[in-house]
K.L.:
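I'd like to ask you about the structure that follows.
Letters go in sequence order (proteins before strands), and every chain restarts at 1.
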Amino acid sequence: MTERSATTSPVLPPLDAVGIVREAGLTAFVVFALTFSLVGFKVEDVPGGLDIVTRFDQVLAATVLAFTGRVVLILLHKRRHLPVILVGLAIAAVILGLVVAARGAPESATAAWLPFESVVVNVLVAVAALVLAGRAAWSAWRRDVGVSDEAVELAARVHKAAIFLGPLMLGFAVVLPFLPFADRRLLDIAILVVTYVMLGWGLNIVVGLAGLLDLGYVAFYAVGAYSYALLAINFDLGFWVCLPFAGIMAAFAGILLGFPVLRLRGDYLAIVTLGFGEMIRVILLNWYEFTKGPDGISGIPRPTLFGLPFTRTDPDGGETFHSFFGLTYSPLDRIIFLYYLILILALVTNFFTMRIRRLPIGRAWEALREDEVACRSIGINPRNTKLTAFSIGAMFGGFGGSFFATRQGFISPESFTFIESAIILAIVVLGGMGSQIGVVFAAILLIGLPEFFRELQQYRMLAFGAAMVAIMVWRPRGLLAFRDPTIRLSDHDTAPEKQT
Amino acid sequence: MLEVSGLHAFYGHIEALRGVDVTVNEGEIVTLIGANGAGKSTLLMSICGNPRAAAGRILFEGGEITQLPTHQIVRLGIAQSPEGRRIFPFMSVLENLQMGAAVTDPGHFDDDLRRVFELYPVLEKRRHQRGGTLSGGEQQMLAIGRALMSRPRLLLLDEPSLGLAPLLVKQIFAVIREINEQQNVTVFLVEQNAFHALQLAHRGYVMANGKIVMSGSGETLLADKEIRAAYLEGGH
């Protein structure tokens, strides 16, 4: 087979074996140096004190895997696809085989052959090997050279496929609560992911479309949450009445932020928005009479379905959801309802964004992102354009905040720290700025996976960071950086025809 | 149509315009030539309100526009093709043109689009291409096309020949004449390429150190000895 690949692509330069070994050796050394102290020694609780356990077998495994991985990567770059496929498949098969064989028997002899203690790490290594093999197979089949073009092409293809992929994912999202494997844990994760998808879509208006780097988006989330909580508790109003108010309050906060930053751009804008996010949090923390400060607000009313509560019995003696529909009571009902609630809110955000991109104001946002001077020279008012982007983006953040408050039943300033803004922004940037479907993938990746990887414990955030670095290395403009024009003319005819 | 009188403008503490008087009559092509840093682009930008005039007046069709914000000036019927083209690089050609029509009645869009495509057929060929992937000449055509989409009565052009091959320069200038004659658009053209600009223009102004130092019809200026020595010798 190697002969065949040599004959089909005779231009391949010979491999520099010494160089490859040197480079791979260097990588292995770095991995060894890092893992020797971090992984090699473990402090363990034993009766009567602490003990140090050595795990040099795992250090050795990591070093050998790093060496192999580096060699394979070099081979991939030199377009020697076959060995990459074979090695990748072999590693994946061995590890996955051992994982399956040792399942349920962590002390067995089979388990001792696994490179790492943690099942998740083992599976991750296998997945990485499979991805490498798949990539090699893909480029062997395509005989492709340009990596960056490939990225754009892939993004374009995914966006074309979005016509089918979107409804497909939507269909999956709709039936998710009724699938056999949908338990409480999965639904909770799904609610969390969809919440962040919605926030990502909201922030996408500000960052992706209008190009205004906002590091304080969580402020609007907080304003929405507190608006709902305070209105509901002080005036005894229901969720549906408060929702628009919360949105309006958040939009107002957006305008409040927007005014002083009208003249700022780029880094300077980012700093001010960062400060704004912190200001809101500090105000919430210190205005004790109004917000109960660090104690937070508890007992926030749960949402109802047209007045039907999701409780076992209605405290006022009225109908509840299950009695009205003649169902048996299940605590899962409320979770499913919350899931659909956030799904609908997210879809409204998405639909709104897709529509407004084709309207003059949406086009003005995009033009503003590209060139503010040019915008002014064609008669666009940059002030109003920026303010609408800030306020509309903030409004969706406010809706998200209301949902958060009603889902948790308790809010405190601690929920609205800078890390939330950073995660939402990361979702938008990693998804590929302005890409709606990219936000979905990035939210699943950034929110869903860490939830599933709780087993990694303190290394969870390390894995999170590694995933972000990996995306930025391979997809520097985001997972799906591709912009679909909002207007097209049909090719055989010059009559303008707006695509919907 | 456009009357600039006693205009002063500053960049910080630097006085870029020191009392400029310029008049552009309806239907004319007027050109402004001068060396680098003479204040040509500043004058064009100040007409659009950025930098704002520190002293002096700017009248457009009899109305004062000196203190208006840029976007309102543009809505009065002045379109600008700014220095360095400044097209929207990630938007398609068609979207760029659509943005040009942002402030006009959308009912004209189809007609205006057809007219721009007639002037620059290459834009029609490239209509789905991203603006940033066009060649320099095509980007210039797009910048002028975008300015025309707002149905201006006065078109301000800042160095449309910048960085273009001689053949393309000729083509760009020929189209400017066409725009002026057939579509009745008054043109105020800032140029370094004095020879072509003066050939094209009905009248011309020469600027140096923030002041107008000479003015006259295109032919007179072309024939002038000092101008030949300062801006034309060795060039053509």
K.L.:
Could you tell me which residues in residues 196-209 of chain A have at least one non-hydrogen atom under 4.5 Å from a non-hydrogen atom of chain B, sorted by residue number?
P.N.:
none
K.L.:
Could you tell me which non-hydrogen atom of B/Val103 sits nearest to which non-hydrogen atom of A/Ile378, and how far apart they are?
P.N.:
CG1-O, 3.7 Å
K.L.:
Taking every non-hydrogen pair under 4.5 Å, which of B/Ser150, B/Ala143, B/Ala101, B/Pro89 racks up the most with chain A?
P.N.:
B/Pro89
K.L.:
Within a reach of under 6.0 Å around CZ of B/Phe10, are more than 12 heavy atoms found that belong to other residues, nucleotides or ligands?
P.N.:
yes
K.L.:
Does a side-chain heavy-atom distance below 4.5 Å link A/Arg363 with B/Glu95?
P.N.:
no
K.L.:
I need the B/Arg86 CZ to A/Glu370 CD distance, nearest 0.5 Å.
P.N.:
12.5 Å
K.L.:
Output the residues of residues 52-82 of chain B for which the shortest heavy-atom distance to chain A is under 4.5 Å, in residue-number order; output 'none' if no such residue exists.
P.N.:
B/Thr70, B/His71, B/Val74, B/Arg75, B/Gln80, B/Pro82
K.L.:
Can you confirm whether more than 12 heavy atoms, excluding those of A/Tyr268, are under 6.0 Å from its OH atom?
P.N.:
no
K.L.:
Mind checking what makes side-chain contact (heavy atoms from CB on, under 4.5 Å) contact with B/Glu159, not counting sequence neighbours?
P.N.:
B/Lys40, B/Leu162, B/Val190, B/Gln192
K.L.:
Could you measure the distance from the OG atom of A/Ser377 to the CG atom of B/Asn50? Nearest 0.5 Å is fine.
P.N.:
10.5 Å
K.L.:
Under a 4.5 Å cutoff for heavy-atom pairs, which residue among A/Pro360, A/Pro382, A/Ala367 has the most contacts with chain B?
P.N.:
A/Ala367
K.L.:
What residues, two or more places apart in sequence or in another chain, satisfy side-chain contact (heavy atoms from CB on, under 4.5 Å) together with B/Gln182?
P.N.:
B/Glu178
K.L.:
How far apart are the closest heavy atoms of B/Arg146 and A/Ala374, and which atoms are they?
P.N.:
NH2-CB, 3.8 Å
K.L.:
Is there side-chain contact between B/Phe88 and A/Leu368, with at least one heavy-atom pair below 4.5 Å?
P.N.:
no
K.L.:
Which one, B/Met91, B/Arg85, B/Met45, leads in non-hydrogen pairs under 4.5 Å with chain A?
P.N.:
B/Met91
K.L.:
Run the side chain to side chain contact (heavy atoms under 4.5 Å, CB included) check on A/Asp371 and B/Phe90 step by step: do they pass?
P.N.:
CA-CA 10 Å; A/Asp371 196 325; B/Phe90 288 101; over 6 Å; no
